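Taking it in order: structure first as structure tokens, then the write-up.
For clarity, every value in this text was computed on a predicted model and none was experimentally measured.
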Amino acid sequence: MVTIDNDSVIAYVKSIVIDYEGRGNPIFWMTAVGTKVALQAIFSTLVSKHPVEVRFGPNEAQMVRGRRWNVIVPSEGKMHAIYKKLQSGLCAMVMYSSLARADSEDNSFGSAVVLCREGEDEKGVLFHFLNSRIRVPLHEGWKDWVWSVCDKAGSSMMNELLGFGMKGFFLYLPGIERLIEEKIGNAIKKGILMVERG
């Protein structure tokens, strides 16, 4: 069981994506269940630039480094929350950063976060996200090559985030766009990437 609290209220986390290597452990995505008052208090604490604590139970702690994390909102982008009342009387909350929206215009820093469910095709998700956010035209058959270019570029371009129930990757879009632009012509010339003519 994973929980999140702000020293006065607690909620149960269903999925979360944080940057454990980032300064202050910024949170980019979370789904949680609790009372509406508790969920609103946790969201309010976060957007007021105060940390909240995420605790991983013994089973989940094996998947992550450490059992407790203080998390904050990212310094870039805006945080959003959507609440839904459940039949049980509790409330569900989806909280996300604008950096994680494929259609976001909020890229003044050039950063973005791509999210995918556990078991989802990461390469396909990354390809579709980049195809909607960079100016270089891409073909779906190139998704493995696009993943390879981003992965080989290192953490300055694509950094895997700590996830529970979801996975996430922090991207530096201007750098990735330049890298793909630089490498695409050579990859086509060498026959690594095929271009359909018609």
Exercise. Quick one: does E118's side chain have a donor or acceptor within less than 3.5 Å of a partner on G165's backbone?
Worked result: yes
For this session: Compare every heavy atom of I184 with every heavy atom of P137, then report the nearest pair and how far apart it is.
Result: O-CD1, 4.1 Å
For this session: Indicate whether the side chain of S97 and that of W29 have a donor and an acceptor atom separated by less than 3.5 Å.
Result: no
Seminar exercise, completed: Scanning both residues in full, the closest heavy-atom pair of M194 with W142 reads O-NE1, 3.1 Å
For this session: May I ask whether L86 and I42 are part of the same hydrophobic cluster, defined by side-chain heavy atoms of I, L, V, M, F, W, Y residues being less than 4.5 angstrom apart, directly or through others?
Result: no
Exercise. Does any N or O in the side chain of E177 come within less than 3.5 Å of the main-chain N or O of P174, such that one atom is a donor and the other an acceptor?
Worked result: no
Exercise. Minimum heavy-atom separation for V71 to L46, with atom names?
Worked result: O-CD2, 3.6 Å
Problem set entry | 4.5 Å side-chain heavy-atom contact, V113 and L115 | yes
For this session: Heavy atoms only: give me the nearest I72-G24 pair and the separation to one decimal.
Result: CG1-O, 3.3 Å
For this session: Could you tell me which non-hydrogen atom of V2 sits nearest to which non-hydrogen atom of F164, and how far apart they are?
Result: CG2-CE2, 3.5 Å
Seminar exercise, completed: Of T45, I10, V13, V9, the one forming a side-chain contact (heavy atoms from CB on, under 4.5 Å) with I4 is V13
Problem set entry | Flag side-chain contact, heavy atom, 4.5 Å: L126 against M158 | yes
Exercise. Side chains of M30 and V94: does their closest heavy-atom pair fall under 4.5 Å?
Worked result: no
For this session: Spell out, as yes or no, whether a donor-acceptor pair under 3.5 Å connects the side chain of S98 to the backbone of K78.
Result: yes
Exercise. Would you call F56 and R68 a side-chain contact if the rule is heavy atoms closer than 4.5 Å?
Worked result: no
For this session: Check whether any side-chain heavy atom of H128 sits under 4.5 Å from a side-chain heavy atom of E140, and report yes or no.
Result: yes
For this session: Is it possible for you to say whether V33 and F43 belong to one hydrophobic cluster, with membership spreading through side-chain heavy-atom contacts below 4.5 Å?
Result: no
Problem set entry | ILVMFWY network linking L90 to I16, side-chain heavy atoms under 4.5 angstrom | no
For this session: Find out if a path of hydrophobic residues (ILVMFWY) with successive side-chain heavy-atom gaps under 4.5 Å connects V17 to I82.
Result: yes
Problem set entry | Short side-chain to backbone donor-acceptor contact, D19 and L161, under 3.5 Å | no
For this session: Could you tell me whether E122 and K167 have a side-chain N and a carboxylate O separated by less than 4.0 Å?
Result: yes
Exercise. For the ring pair F129 and F169, is the centre-to-centre distance below 6.0 Å?
Worked result: no
Exercise. Is there a path from V47 to L39 through hydrophobic residues (I, L, V, M, F, W, Y) whose side chains come within less than 4.5 Å of each other?
Worked result: yes
For this session: Find out whether I18 and W69 are in side-chain contact, i.e. whether some heavy atom of one side chain is under 4.5 Å from a heavy atom of the other.
Result: yes
For this session: Answer yes or no: is there a side-chain heavy-atom contact under 4.5 Å between M157 and L171?
Result: no
For this session: For C150 and L130, work out which heavy atoms get closest and say how close.
Result: SG-CD1, 3.9 Å
Exercise. Counting distance only, does the side-chain N/O of T3 pair as donor-acceptor with the main-chain N or O of Y12 below 3.5 Å?
Worked result: no
Exercise. Between S44 and Q40, is there a donor-acceptor pair closer than 3.5 Å when you use the side chain of the first and the backbone of the second?
Worked result: no
